[in-house]
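To start, the structure under review is shown below, and the notes come after it.
Computed from a predicted model, the values in this text were never measured in an experiment. Numbers restart at 1 for each chain; the letters A, B, ... are given by sequence-line order, proteins then strands.
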There are 2 protein chains.
Amino acid sequence: MCAALGDETRLSLVATLSGGERRSIAELTATARVTRQAISKHLRVLESVGLVRGARAGRERLFELDPAPMRELGDYLGRVSAQWDQALSRLKALVED
Amino acid sequence: MCAALGDETRLSLVATLSGGERRSIAELTATARVTRQAISKHLRVLESVGLVRGARAGRERLFELDPAPMRELGDYLGRVSAQWDQALSRLKALVED
DNA sequence: GTAATATGCAACCTGGAGGTTGCAACTATG
DNA sequence: CATAGTTGCAACCTCCAGGTTGCATATTAC
């Protein structure tokens, strides 16, 4: 269930899109080492998770990064690290005392 | 390459072991929904990554959590979240301005 | 010694993620 | 309209993590 960014190809897609400009599937394929179909699949996954938005524009389909979930991810990491701090101090207390 | 805690079984193993007491494979299997062999494999993986330590004790093999990598993980999360803060402000600047 | 317990080892099965290929459909351009 | 470019759809392939089963090995209990 590596649902999102565990994959290298997918991560590089997000990295490319984090440039801020909207890219077509063909463009995104150009800089990748896999088939257009593979890219297309990944984009669909990323879109279904909400990390990315795609919209038709003429005969091509332009994708852009959706910053909202990124911000959520930031908050999440913040909360998680806070929990970790607590968990770690508990663990330390348990082990080092 | 879901190397460590992405898996449910493995995560629950760590959770159980975070109780602090050393557990045999049989004990760990008792509370799990999979075979002893599966548990054994998971423990070997966790051991190879350094999250867990196992040592023979008579005819059984007792496993305990190794807190050190957990602490490292905490530090790591801290650093990552810091990087995220920076990345997010850059992203925000890019999008919201 | 013998039986029961706890583990190790090895072969095998399975589902799904990541890729590819081939073809059909739509759009722009001349 | 014909043609080239961009995408969608579907079938197929391969690899491997997670599991299972069966048997061998060690250790304790009797």
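Remark: C1' of dG18(D) and CZ of Arg44(B) are 14 Å apart, rounded to the nearest angstrom. Atom CG in Asp7(B) sits about 15 Å away from atom P in dG16(C), given to the nearest Å. Between Ile25(B) atom CD1 and dG8(C) atom C1' the separation is 9 Å, expressed in whole Å. Remark: P of dT20(D) and CZ of Arg33(B) are 11 Å apart, rounded to the nearest angstrom. We find that CZ of Arg10(B) is positioned 13 Å from C1' of dG19(D), with the value rounded to whole Å. Taking atom CG of residue Leu28(B) and atom P of nucleotide dG8(C), one finds them 12 Å apart after rounding to whole Å. If you measure from atom CZ of Phe63(A) to atom P of dT6(D), you get 15 Å, rounded to the nearest angstrom. Regarding Glu8(B), its CD atom lies at a distance of 12 Å from the C1' atom of dG18(D), rounded to whole Å.
Scanning residues 35-43 of chain A for heavy-atom distances under 4.0 Å to DNA chain C yields Thr35(A), Gln37(A), Ala38(A), Lys41(A), His42(A).
Remark: the backbone N or O of Glu27(B) is paired with a side-chain donor or acceptor of Ser24(B) at under 3.5 angstrom. Using a distance-only test at 3.5 Å, with no hydrogens or angles considered, a donor-acceptor pair links the side chain of Thr16(A) to the main chain of Ser12(A). For the pair Thr29(A) (side chain) and Ile25(A) (backbone), a donor-acceptor distance under 3.5 Å is present. A side-chain donor-acceptor contact under 3.5 Å links Ser18(A) to the backbone of Ala15(A).
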Assign a letter to each nucleotide of nucleotides 25-30 of chain D from its 5' end: B, base within under 4.0 Å of a protein heavy atom; S, sugar-phosphate only; -, no contact.
--BB--
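Put simply, Ser24(B) has no side-chain N or O that comes within less than 4.0 Å of OP1 or OP2 on dT5(C). For the pair Arg61(A) and dG5(D), the criterion of a side-chain N or O lying under 4.0 Å from OP1 or OP2 is not met.
Taking a 6.0 Å sphere around CD of Glu47(A), one finds it holds more than 12 heavy atoms contributed by other residues, nucleotides or ligands. For Arg56(A), the CZ atom sits in a packed shell: over 12 heavy atoms of surrounding residues, nucleotides or ligands are nearer than 6.0 Å.
Using a 4.5 Å cut-off between side-chain heavy atoms of Ile, Leu, Val, Met, Phe, Trp and Tyr, with links allowed through other members, Leu62(B) and Leu17(B) fall into different hydrophobic clusters.
The shortest distance between side-chain heavy atoms of Leu51(B) and Val45(B) does not fall below 4.5 Å.
Ion pair Glu8(A)/Arg33(A) flagged as a salt bridge, since at least one NZ, NE, NH1 or NH2 atom sits closer than 4.0 Å to an Asp/Glu carboxylate oxygen.
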